[in-house]
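In listed order, ligands and their atoms are each counted from 1. Since this is a predicted model, take the numbers as computed values, not measurements.
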Amino acid sequence: MQILVTGGLGYIGSLTCIELIEAGFEPIIIDNLSNSKLQVLNRIEALTDVRPVFYQGDICDSAFMQSVFSAQKIESVIHFAGLKSVAESVSHPLEYYANNVNGTLVLLHAMRKANVKSLLFSSSATVYGDPKVVPITEKTPTGATTNPYGRSKYIIECMLSDLFQAQSDWSITILRYFNPVGAHPSGTMGEDPQGIPNNLMPYIAQVAVGRRDVLSVFGDDYATEDGTGVRDYIHVMDLVEGHLAALKTVSKKSGLHIYNLGTGQGSSVLQMIAAFSQASKKKINYKICPRRPGDIAQCWANTDKAARELNWKATRTLLDMATDTWHWQEKNPQGYV
Ligand code: NAD
Ligand code: UD1
């Protein structure tokens, strides 16, 4: 069964392709290489003995998208392609709306034309903004987003909901990721941020491997147990398994399905540093700095709905996340080169 994977050479998309192949699906990858490298295809092949069909192109290119649907027999789409830096979205909002919102519109038009009506979409806990109550359930209000990246995800969710209201034979699954971290357990595939990492785990990993001197801890005066920010970090392989679970269950049924993908547990920045030190046996240099503008104190997921309906639960620990990130970083200090 052919599954179109947009953004399939990126961090989460590429690992999803591994699991799709192992589960007997045939991923067809589209990526414009704006935030990934062709080298990833070799790594997928090395791990699975399969080199997936790859189209280099842009999801905003309508003729290109239609040509892919005409050439293949696609049954479902997993849509990862998009831009994801919060800071960059603040300085380049139009690029974020064009790529994320318009790119999704072009994809949906191409799907409709090809009569493909099953979609899994990568959304984010960012659609919840700064929640009044944790843990966050799927019924927690959305929309009070704080930056263009978050708004692009929220707008896409609204578009998908409107589409389903009009065409109830579609199966649309919105997966709201919490904080994906970690790497493939082989240490051959993982996150490869370009430039200075924005996110905590890749930054810690680059300090551990000697690429950066010191981690800035953004604030130790939050109303949390140790004063640092608390997030729901989820191992990327658990996250990927969540996609497979959704693909095998709800994506076969028409409906608008929405799930939080997290572990249900919050961890602080200092706990992440401690886990990484334990995994890497390295001291992580850090200094306490002022809060980062736009950050919230704490956020974690209630994951009961995914457990009930997808029969899926994250199983990997913080130490697993740190260990796999470390293996990837140690073996590939400069990422995919
Ligand atoms: P990533 O940047 O590693 O992967 C995205 C891939 O999409 C890249 O390979 C990039 O080259 C490609 N791409 C971007 N725009 C494209 C376009 N117009 N046409 C074709 N390809 C395009 O990001 P990721 O971490 O794997 O995230 C995947 C998805 O999950 C994104 O939509 C992201 O917003 C969402 N998400 C990620 C996180 C996270 O922490 N990583 C959290 C929540 C949601
Ligand atoms: C960020 C994005 C979110 C996106 C998610 C993807 C913001 C405001 N939010 O979430 O939209 O979906 O990434 O994973 O950017 N921290 C440090 N030092 C660092 C980096 C981070 O102390 O160098 C702290 C942060 O203050 C926060 C925690 O680590 O408390 C996690 O930060 P990060 O990894 O950037 O994720 P989020 O901010 O939760």
Exercise for the section: Look at the rings of Phe276 and Trp326 and say which category their plane angle falls in: under 30° parallel, 30 to 60° tilted, over 60° perpendicular. Expected result: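 Phe276 vs Trp326 ring planes: perpendicular.
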Practice task
Indicate the ring-plane relationship of Phe80 and Tyr177, choosing parallel, tilted or perpendicular according to the 30° and 60° boundaries.
Solution key: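 Answer is tilted, since the angle falls between 30° and 60°.
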Problem - Neighbouring protein residues of ligand 1 - any heavy atom closer than 4.0 Å - result: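 Residues within 4.0 Å of ligand 1: Gly7, Leu9, Gly10, Tyr11, Ile12, Asp31, Asn32, Leu33, Ser34, Asn35, Ser36, Gly57, Asp58, Ile59, Phe80, Ala81, Gly82, Lys84, Asn99, Ser122, Ser123, Ser124, Tyr149, Lys153, Tyr177, Pro180.
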Exercise for the section: Determine, using ring centers only, whether His257 and Phe121 are less than 6.0 Å apart. Expected result: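 No.
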Practice task
Below 4.0 Å from any atom of ligand 2, which residues have a heavy atom? Give them in chain and number order, please.
Solution key: Val86, Ser124, Thr126, Tyr149, Asn179, Asn198, Asn199, Leu200, Leu215, Ser216, Val217, Phe218, Gly229, Arg231, Tyr233, Val269, Arg292, Asp295
Practice task
Mind checking salt bridge (charged side-chain N to carboxylate O under 4.0 Å, His left out) for Asp192 and listing every partner two or more places apart, or none if nothing turns up?
Solution key: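 Result, salt bridge (charged side-chain N to carboxylate O under 4.0 Å, His left out) vs Asp192: Lys37.
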Quick one about [Y] and [X] (side-chain donor to acceptor, distance below 3.5 Å, no hydrogens or angles considered), yes or no?
X      : Y      : result
Thr224 : Gln298 : no
Thr263 : Asp232 : yes
Asn42  : Arg51  : yes

Problem - Cationic N near anionic O, under 4.0 Å, Glu191 to Lys84 - result: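 Salt bridge present between Glu191 and Lys84.
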Problem - Any residue meeting side-chain contact (heavy atoms from CB on, under 4.5 Å) with Thr145, in chain and number order, not counting sequence neighbours - result: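 For Thr145 the side-chain contact (heavy atoms from CB on, under 4.5 Å) partners, ignoring immediate neighbours, are Arg151, Tyr154.
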